[in-house]
Each structure stands twice: as C-alpha cells, then as structure tokens.
2 protein chains.
Amino acid sequence: MRDSTARNTADYRNQPEKKHSNMLDLPLEATQADREPHSYERWLIAKLLRMAGSPPIRFELWNGEQVELEGTQPQFTIRLNDHKALLTLVSNPNLAFGDLYSAGRLEVTGNLPDLMEALYRNIHQAKQQWPKWLEALWRNHNPRSTGLTEARENIHHHYDLGNDFYRLWLDTAEMQYTCAYYETPELTLEQAQLAKLEHVCRKLRLKPGMIVAEAGCGWGGLGRYMAREYGVKVHAYNISKEQLDYAREEAKRQNLDHLIDYIEDDYRNIDGQYDAFVSVGMLEHVGKDNFPAMSDLIRRVLKPDGLALLHSIGRNRPMLMNAWIEKRIFPGAYPPSISEFMGICEQGDFSVLDVENLRLHYAMTLAHWMERFQQHRQTITDLYDENFTRAWEMYLAGSIAAFRAGSLQLFQVVFTHGSNNQLPQSRRDLYQSPAAPEA
Amino acid sequence: MRDSTARNTADYRNQPEKKHSNMLDLPLEATQADREPHSYERWLIAKLLRMAGSPPIRFELWNGEQVELEGTQPQFTIRLNDHKALLTLVSNPNLAFGDLYSAGRLEVTGNLPDLMEALYRNIHQAKQQWPKWLEALWRNHNPRSTGLTEARENIHHHYDLGNDFYRLWLDTAEMQYTCAYYETPELTLEQAQLAKLEHVCRKLRLKPGMIVAEAGCGWGGLGRYMAREYGVKVHAYNISKEQLDYAREEAKRQNLDHLIDYIEDDYRNIDGQYDAFVSVGMLEHVGKDNFPAMSDLIRRVLKPDGLALLHSIGRNRPMLMNAWIEKRIFPGAYPPSISEFMGICEQGDFSVLDVENLRLHYAMTLAHWMERFQQHRQTITDLYDENFTRAWEMYLAGSIAAFRAGSLQLFQVVFTHGSNNQLPQSRRDLYQSPAAPEA
C-alpha cells in the first residue's frame, strides 16, 4: 500500500523533475520571490479579477503589496508568494489555482469554501461575457479516458490511497464516500449516511429474498446495509482492491458474507438477472463515452419488474469537469448534465420514475468531512506530506463551494423498464418514518 | 358556441366534400361493401398483423370472413365494414385506424382500451424490426405549427368544444382536464383531482401572500384552489375564451376574484415577477420549437428564490405524436421525451429539484373519464353526432392504452434558478398528511 500511496501523492507535489500537464508548461517553482512587481503584473491581476466577475477578493503580491479592484469590498485575500505563480495562474487558472495552493505558493486569508463559492458564483455570471478564445484557452483539453484499463488506473489513483486515510475523516458507521441525506439539518454525519442508505433502499422498494446488483460498491457499506436491514442478496462490483478487502472483512465480521458477493471486476462485466440495480457515486467516473454501455448493462441485467437507482454528481448544463479536479483528484471524471443523465435512461428505453436533487446535502456532507479532516490534519500530513494535505483541503473546500454555488448537483434517479407496470402508487412510503436512526 | 362546435366536429366526420389530410388521399367512403375479399387482401391483413408484432387480434372482413395469424390466440376482433377501409388502413394505419373507427367503418369486439394496449405493446416491440421506408411511410409528416396564431386555432379546436360537453364527464369538483393524483387507488375522480391540486401546491411550497403565474389555466381550478387553500394571488393565462368565461364566473361565485386575474393571452406574454410559476397540462401544446421560449419566459418571470412546476405528458424517448391524435384531437401537440423536457431546464440554467412520473395515474384518470363519457353517450351524440362520439371514445381508449403500455408518461418537474439556495430540505413535507380530502 505504501508504494501506491507514494505514486499517487507525487501528483500533488511540485518537484522540478516532475513534468506537469500544465498546458503552457510554465515553471511552477518559485524564483526571485523578492523582486518588485512590474506594472503589467498589477494590470494582469486587475484583468483576471474582472474576468472572474469582480469577486470580493484582493490579491497580495510577493512583496506584500495589495491589488484590488476599485468599488469591490474584498472579504478574502489571495497571496501569491512568487512572481512566476502569477503567470502560471493567469495562463490556466482552472488548473493552476489548485496546484499553486497545494504547493503553498498561493495562500488564502479567509474561509476557503466561502472564497471558492464567491469565485464560482462570480465566474458563472462573468463567463457568459468571455471571448471564445479565453474559454478555449482555459478549458480542460485532455480529460482522461475511462476505457477498461484506464478506469482501473483512474480508480486506483483515488480510491487506493489507503483505507487508513479515508477512515480518518469519513463516517464511522459505513465508510460512505458519497453524499449523505440530511433529512433534517441537525443530523450527525453518521446518521445522515445511514439515512442515505435507508433512503436508497426505500426508493428501490427492497423486499427480503430479492437479489440486487451494485456497481461501484466502495467499502461495501450499502451492500451490507441492504443485506442486514432488508434481507436481500447482493452482488457488489468494484475495481478498487483495497476497498474490496475491507468490504469482505467487514461483511464476514457482521455475519453477512453468505448474502453478499463482493466481486473485483468492472461494472461492464456484471451478469445475471436482478430485482434491483443500484449505483451510488460511480456514474461520475463512468465517462460520457460509456453512458450507452451503462444503459445497455442495466437493460440486460434488470428483471422486467425491477427498479434501478443511479446516484451521481451532475450538472444543470453540460460542462467539462474542473481541470484541476479532473487531473489531480478524479482522473476521467465527468458529471453528466441532467439531460445527459436522462439520455442514459432514454437509450435503454427506460421510464424515469423519480429524480431527487440533493445538492445542498452534499455541501453539508463535505463540510462534515472537512471538519474531521482538519481534526486529523497533522496525522494526514505525517502519512503523506503538506502538499498532499493542502491539495485535499482545496478539493474538499472547492467541492463544498461548487455544491453551494450550484455548479454541481447531486441527482438520485429511479427508473425501470418502459414496459413495467408494477410501479409504486406514490412516494408516500419513502416518508412513513424518519430515514435516519436515532442518535 | 354552436358555430365553433359545428366547425370542430367536422373534422371527425367523413364527408365526401371534406378534403382529408390523409397522406395518400385515399377515399374514406364505403363502396362495394358486399363483394368477396381478394386473396391479396387476406395477405395484406396477415402482413399488417405481423408488422404490428402479431397481437392477439383477428380481422373480420365485410363479408363475415375471419383472418388471423396462425399461432396467435385472438382476444379481440377488428371488423372492417368495406374493402376500401382495408387499403386506407394499410396505407397509413396511425391516422386511418382512428378515422375509420370514428366513421363506423372499423368496429371492435372486446374491450377497446385493452385492444389498444395490446396493439401499443406489440407494435413497440415490432417497430424495431421495421424497414426504414415503412416507418417513414407511416409517420406523421406534417404536425401543425404552434406559433402565436396557430396556437390559438389549435387550442380553440379542442378546448372550445363547449363547457357543457366537458362538464358531462370531467370531475365535478374543479373541471380538471389533466392527470389526477391517485395517492391511493380507491380515490374517486373528484378526490384524486383535488389531491393533484394539493400535491402541486405542496411541491411549490406555497405560502399566503405569494404571487403565482399560471400558464394554461384551463377552467381555472388550480388558480382557485391556490387562492382558496393557500391564500396566494394568481395571474392565470389561457387563450381559450370559453374556459376563461367559466373560470371568471366561478372565481366570482367563490369570492376569490380579488385574488385571481384570469388573463386571455398567450403564455409567452406573461410578465411580472412571481414566487412560483406553474403550468399543468400545457407543455404538451407548446411544441418543441417553442421550448426555448418557454424556458426564457420562466427565467424572466420567476423570482430568484421562486419554484417552478411543469406538469406534462411526456415520453421515454423522443417520438412524434400519434398522427390521428395530432390531426383530429390535439393539433400541434408534442409530448417531450424526458431529456427534451430537461433540456428546457438546462436552457434556462435551472436546477431540477424533483421529477415524479405519474403515468399510471393518467390511465386511471382516463378510465374514470371514459366511464362517465359512456354514461352520457346518448346526450353527447345528440349534442354532436355518432362520428364525434366514436372519435372521442377512440381518443380516450387510446390514451388509456398509451399510458398503460408506457407509450406515454406523465412528468411533474419542479425546478428553480441554478443560483437559488432556498431549497426544501427534503420532500417529507409533501407527505405529512394525505393530499386527498376525505370522501
């Protein structure tokens, strides 16, 4: 495990020998940190702030000088610790902001999620006025593929960082690395994650004896919940070995291993016939090119009266994944827009029964994760290094901001074969009792 | 009113002087009803049945001879009363089936909705094997436009048939000519329609003092319900004069006219700023070309924290409206596929919060309408004529079948501006108490 960790964390560091995928290949190393800023550099910053929709942000330069737009009332300060950081930032802000932050060459005063939310909201508005060339310059040009081999690498990159790492800040109930369900806002992370599992099971209308296929099972929490609370059999697929080891061990410990098969294989290889098909937090990694395959798969394995549920991050409109997240955190990730999502259902001649958007629930989930991450900051930095820790802080803070600003959505979609008339009469049964267990 | 009725019913008759939009312009009048069938006519019927996926149907010809496919066990009989009916049927079954039925030249033994459901289900399967030329031959080539002028004509065609006519078979509570909500299957039509209105209001999270825009208000029932039960102000738009006359009178009678403005104008002319935007059963008539305008409209009039609800017939996949329904019943109608529907939301940078599919609720609603229609069959035939009555029986039966077979869906979609964070925490509030009043 340490080997793979070392390989993964390399991405977050700014080592001179490492070739970065930074488009213009500008140096990320700090140099001449103490020279005076040129006037064109002040001009560049003002330009950048205007392009970003004049957010309430001031810049502080390497010599302590501050630059802000007239008429704005800055609530946050972004400090650039060397002059090359500025050029890097301007040439490709989507990628460089995260990289420079991870490297400690860009620092922030003020609450990071709040700053990121202000940025997201202002940029979303301002972007409509951008010239075409600018949008083309700043977009993510080479998102990674999600073929069978690449999918393995992509998943390994993120999910095999080590169970010990995720255990430090995910819920202690079922190690859920997906959006929780805060049916009421005061729930703890553990309650909200169990409520999510319960909500998903209710939406699938599970009954004892049913058999369920799960694509992308993480540490296996949903599978165990379904087996334990609903008495169903589960075939759960995942290509992350570390996660599966944990999942199998935990199922054995809970005497559930006779009900659950954790299978190390790609979702595209699922076979059999199932009463329900469920995938929580995998579709983001499937990639747009594979949506038809996803659709065909469900069409093939779902029984005529079965229900399917896909839970995924999504978008209000089609948009490429943020370059930094795609390159450094989730290679190959693509959150579908709602109509692209529905296209998966159309492709398979499915009937969409229920869509629920849990966007702000993901912001709350991430805020809980962030809090625990901070509690274990030193441990995590000792396990990896400061660059890694800062990269993850940026990822968590940026994600909170994206869900708060409406840049990302969280869709739970229930669907079935178009010909199936065994439909729930209403959704009242989902709300018969609280989904969360008592504290 | 009688004038407009006379004009409208003309469409349903097969008068020699009337030019039909039947593509091949084949004669619809009966001739030589008593000659012996030719062998190629038997061959054509067998071919037609095979193309339709071998449904459990036999044909009876004008001379009493029966034709059925080997190996099928017919549960229904379609009788053709003259030999020209067969040619008309084969050349354009989508359009001719309804026309011939209306004219009494095609008759059916067995339950009409059941026969139509069997047809829909079998054809849906079989269609995948059709040669391209056949699908091209049988499709609806010239659906009507839904520009400002045409929209008026289209709506007049159907909705100005006369309030007395609709009163005979719609619910007596609020004259709802849209899908009811059978939260439990034993509800009466009146209860289920009131439950629908309540369900819609709950989804919009209405509060006293709010102001609501309604596009396409029918006889004004939803507007009155919102004003009466939730104390909101309503601007309700419609281009059917007869419906508006009724709506205004009824609002006055209930002392609600100070809260509701019923406005005779196209939805595209709605102005002002609203806490909620609602449209129940109008989107089907908007036409695909006008979806962007619909989206822009809502973007323009919905307050930053307002919720919008569109309730519309839809599809699992993009498909043209059935030719007969489009030409004879709902000119210009186009039920969007779920991804086309979501495209309306994407276009306006909206965030989709909730989608519910009430497909089988519409089959139940239509079955209740059909039952009442049959109770008043003689009155309706006296008001119009036998052709009109048979056309409406076919329309109601075909619609029941389409919803049962999954050829049509009913989507209720709630959405809001992408930047709005004033979102309901969960959907539990929709289910706090039954939506339907006690019987």
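To find a chain, count down the sequence lines: A is the first, B the second, and so on, and within it residues start at 1. Worth knowing before you read on, the calculation uses all heavy atoms, side chains too, and leaves out hydrogens, waters and symmetry mates.
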inquiry  = Taking the side chain as everything from C-beta on, heavy atoms only, tell me whether B:Val355 gets closer than 4.5 Å to A:Asp354.
reply    = no

ask   = Are side-chain heavy atoms of A:Glu183 and B:Arg428 found at a separation under 4.5 Å?
value = yes

request  = Measure the shortest side-chain to side-chain distance between B:Glu340 and A:Glu346 over non-hydrogen atoms and say whether it is less than 4.5 angstrom.
outcome  = no

ask   = Does any heavy atom of chain B fall under 4.5 Å from the side chain of A:Ala363, the backbone, both, or neither of them?
value = neither

ask   = Taking all atoms of both residues into account, what is the closest heavy-atom pair of B:Arg427 and A:Arg427, and its distance?
value = NH1-NH1, 3.1 Å

request  = Could you tell me whether a side-chain N or O of B:His361 sits under 3.5 Å from a main-chain N or O of A:Ser426, the two making a donor and an acceptor?
outcome  = no

ask   = chain A: which of B:Ile338, B:Asn421, B:Val414 shares the most heavy-atom pairs with it under 4.5 Å?
value = B:Asn421

ask   = When only pairs under 4.5 Å are counted, which of B:Ser419, B:Gly406, B:Gly314 shares the most heavy-atom pairs with chain A?
value = B:Ser419

Nearest non-hydrogen partners of A:Asn357 and B:Val352, listed with the distance = ND2-O, 2.9 Å

remark   = Interface check, chain A: of B:Glu356, B:His124, B:Arg315, most non-hydrogen pairs under 4.5 Å belong to B:Glu356

ask   = Relative to chain B, which segment of A:Gln347 carries a heavy atom at a distance below 4.5 Å: side chain, backbone, both, or neither?
value = backbone

ask   = Using a cut-off of under 4.5 Å for heavy-atom pairs, which of B:Leu353, B:Asp349, B:Leu360, B:Thr184 has the most such pairs with chain A?
value = B:Asp349

message = Assess the residue pair B:Ser351 and A:Gln409 against the criterion (side chain to side chain donor-acceptor pair (under 3.5 Å)); give the C-alpha distance rounded to whole Å, side-chain angles, the decisive distance to 0.1 Å, and a yes or no.
response = CA-CA 8 Å; B:Ser351 182; A:Gln409 313 292 314; 2.7 Å; yes

task = Tell me, for A:Tyr181 versus chain B, whether the close heavy atoms (under 4.5 Å) come from the side chain, the backbone, both or neither.
result = side chain

Closest approach of A:Ser339 to B:Gly343 (non-hydrogen atoms, all atoms of both residues) = CB-N, 4.2 Å

